[in-house]
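What follows is a single structure, written as structure tokens, with notes after it.
Sequence positions, counted from 1, serve as the residue numbers for this chain. These numbers were taken from a predicted model, which means no experiment stands behind them.
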Amino acid sequence: MSRPHQYIALVTSLPHLGKLFSRKEVPISGYRLKQRLAMLEPDHRRLLREMVEVTAWAGVAKYSKDIEVIRRAREVVADLKDYPDLQHLVGARMETRTLIAALRRRREGQSAAGDIENWGYGRWISRIRSDWRDPGFGLGGFMPWVAEAHRLMQAGEHIAMERLSLTQVFRQLDHYSTVHEFDFEAVAIYVLRWVIVERWSRYDEATARDRLQHLLAAALEGADGTEEPPAGQDLFTDTFASIEGAIS
């Protein structure tokens with residue numbers, strides 16, 4: 001098959017993922033997705049693997065320093081020079097991650113942005129530095145979700161915070177999905193959406209499992225089990241492994 005027909009066949013073989021949070025099960029498994037993605041050109045598989053690596057939380061876990069993640073993101077953006085919309089998507093994901101990282105640092109008591117060039121990425125670095133004490137880093141006029149994320153984080157509303165951040169990422173993907181149908185960009189956007197849907201499908205299961213383990217430990221120690229378990233930040237480490245296998 002020629003590439004246009006090949007990619008039309010690939011895209012039409014991928015089931016609709018639905019709205020975020022609308023279902024508890026992923027409509028296509030990692031195994032089936034791997035089978036479908038075998039239709040990608042080798043260079044496209046490589047680029048997609050790079051995108052997932054630098055945008056999935058579990059994908060960056062292998063890096064010990066923030067500056068290494070930033071450097072890798074810049075390399076991926078450079079590799080995507082022929083696909084400006086995907087460049088923008090990777091950049092937007094890194095900017096969202098920077099904002100969330102800034103919120104966490106501030107919650108933990110950091111009094112200023114410090115060496116933000118070594119842990120931050122994108123357009124909002126200067127604004128974050130100059131408006132560090134503002135709940136939304138001075139971005140509330142056009143990014144109200146940042147101030148809401150601040151409120152949720154301060155209140156310890158971890159699930160709501162997770163929903164909010166994933167919603168922002170999904171909106172970024174939705175924006176670009178409207179202009180791509182049967183090309184590599186459409187496939188890449190689908191896979192990035194799949195990662196998020198798959199991640200959320202595991203959230204309740206992982207949270208429930210951690211809660212059960214906490215209650216059992218509390219019972220063995222003679223505690224009453226009323227204390228909330230610590231919020232896990234790495235509940236989805238196998239998400240990257242599953243999608244990495246799908247595009248290897």
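In this structure, the side-chain contact (heavy atoms from CB on, under 4.5 Å) partners of Thr12, at least two apart in sequence or on a different chain, are Ile8, Phe182. Residues passing the side-chain contact (heavy atoms from CB on, under 4.5 Å) test with Asp82, sequence neighbours excluded: none. In this structure, the ring pair (Phe, Tyr, Trp, His ring centres under 6.0 Å) partners of Trp124, at least two apart in sequence or on a different chain, are Phe142. Considering only residues two or more places apart in sequence or on other chains, Arg129 meets the salt bridge (charged side-chain N to carboxylate O under 4.0 Å, His left out) condition with Glu117. For Asp43, there are no salt bridge (charged side-chain N to carboxylate O under 4.0 Å, His left out) partners two or more places apart in sequence or in a different chain. For Pro144, there are no side-chain contact (heavy atoms from CB on, under 4.5 Å) partners, not counting sequence neighbours. Residues satisfying the ring pair (Phe, Tyr, Trp, His ring centres under 6.0 Å) test with Phe137, not counting sequence neighbours, are Trp132. Residues forming a side-chain contact (heavy atoms from CB on, under 4.5 Å) with Pro84 (at least two apart in sequence, or on another chain): Gln87.
Pairs engaging residues 140-151 under the side chain to side chain donor-acceptor pair (under 3.5 Å) rule: Arg106-His150, Glu148-Arg151 [sequence neighbours left out]. Here side chain to side chain donor-acceptor pair (under 3.5 Å) pairs that include residues 67-80, with residues two or more places apart or in two chains, are Glu53-Arg72, Arg72-Glu75. Contacts classified as ring pair (Phe, Tyr, Trp, His ring centres under 6.0 Å) and involving residues 8-40 (residues at least two apart or in different chains) are given here: Phe21-Trp200. Annotation: ring pair (Phe, Tyr, Trp, His ring centres under 6.0 Å) contacts involving residues 82-102, sequence neighbours excluded, comprise His44-Tyr83, Tyr83-Phe184.
Note that OG of Ser13 is 11.5 Å distant from CZ of Arg32, once rounded to the nearest 0.5 Å. Taking CD of Glu198 as the reference point, atom CG of Leu33 lies at 10.0 Å (rounded to 0.5 Å). Taken to the nearest 0.5 Å, the CD atom of Glu50 stands 12.0 Å off from the CG atom of Leu86. Note: Leu40 CG to Leu48 CG = 6.5 Å, rounded to the nearest 0.5 Å. The distance from atom CD1 of Ile100 to atom CE of Met153, rounded to the nearest 0.5 Å, is 6.5 Å. Atom CG of Leu103 sits about 9.0 Å away from atom CZ of Arg107, to the nearest 0.5 Å.
Between the Arg193 side chain and the Leu20 main chain, no donor and acceptor come within less than 3.5 Å of each other. The backbone N or O of Leu14 lies less than 3.5 Å from no partner atom in the side chain of Arg36, so there is not a single donor-acceptor pair. Side-chain atoms of Tyr190 come within 3.5 Å of backbone N or O of Pro15 as a donor-acceptor pair.
Side-chain contact between Val77 and Met94 is absent, with no heavy atoms from C-beta onward closer than 4.5 Å. Side-chain contact between Gln172 and Leu89: present, with at least one pair of heavy atoms (C-beta onward) separated by less than 4.5 Å. Put simply, the side chain of Leu164 reaches to within 4.5 Å of the side chain of Gln168, judged on heavy atoms.
In terms of heavy-atom proximity, Leu17 sits nearest to Pro27 at CD2-CG, 3.6 Å. A pairwise comparison of heavy atoms in Val26 and Ser201 identifies CG2-OG, 3.5 Å as the closest pair. The two atoms that bring Trp194 and Ser29 nearest to each other are CZ2-C, 4.0 Å, heavy atoms only. The shortest non-hydrogen separation linking Ala102 to Ile128 is CB-CG2, 4.0 Å. Between Ala186 and Glu181, the shortest heavy-atom distance links the atoms CB-O, 3.2 Å.
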side-chain contact (heavy atoms from CB on, under 4.5 Å) between Arg45 and Leu37, worked out: CA-CA 8 Å; Arg45 283 201 299 272; Leu37 295 180; 5.5 Å; no
Step-by-step side-chain contact (heavy atoms from CB on, under 4.5 Å) determination, Met51 to Val191: CA-CA 10 Å; Met51 288 183 66; Val191 171; over 6 Å; no
Leu99/Leu139 under side-chain contact (heavy atoms from CB on, under 4.5 Å): CA gap, chis, key distance, verdict: CA-CA 10 Å; Leu99 287 164; Leu139 302 171; 3.7 Å; yes
Stepwise side-chain contact (heavy atoms from CB on, under 4.5 Å) test for Ile196 and Leu173: CA-CA 11 Å; Ile196 296 173; Leu173 294 167; 3.8 Å; yes
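Across Thr98, Ile116, Val90, a single residue satisfies side chain to side chain contact (heavy atoms under 4.5 Å, CB included) together with Tyr121, and that is Thr98.
Classification of Arg199 and Glu162 as a salt-bridged pair holds, one side-chain N sitting under 4.0 Å from a carboxylate O. The pair Arg105-Asp66 meets the salt-bridge criterion, with a side-chain N (NZ, NE, NH1 or NH2) lying under 4.0 Å from an Asp/Glu carboxylate O.
Hydrophobic cluster membership is shared by Ile159 and Phe170, with clusters built from Ile, Leu, Val, Met, Phe, Trp and Tyr side chains linked at under 4.5 angstrom.
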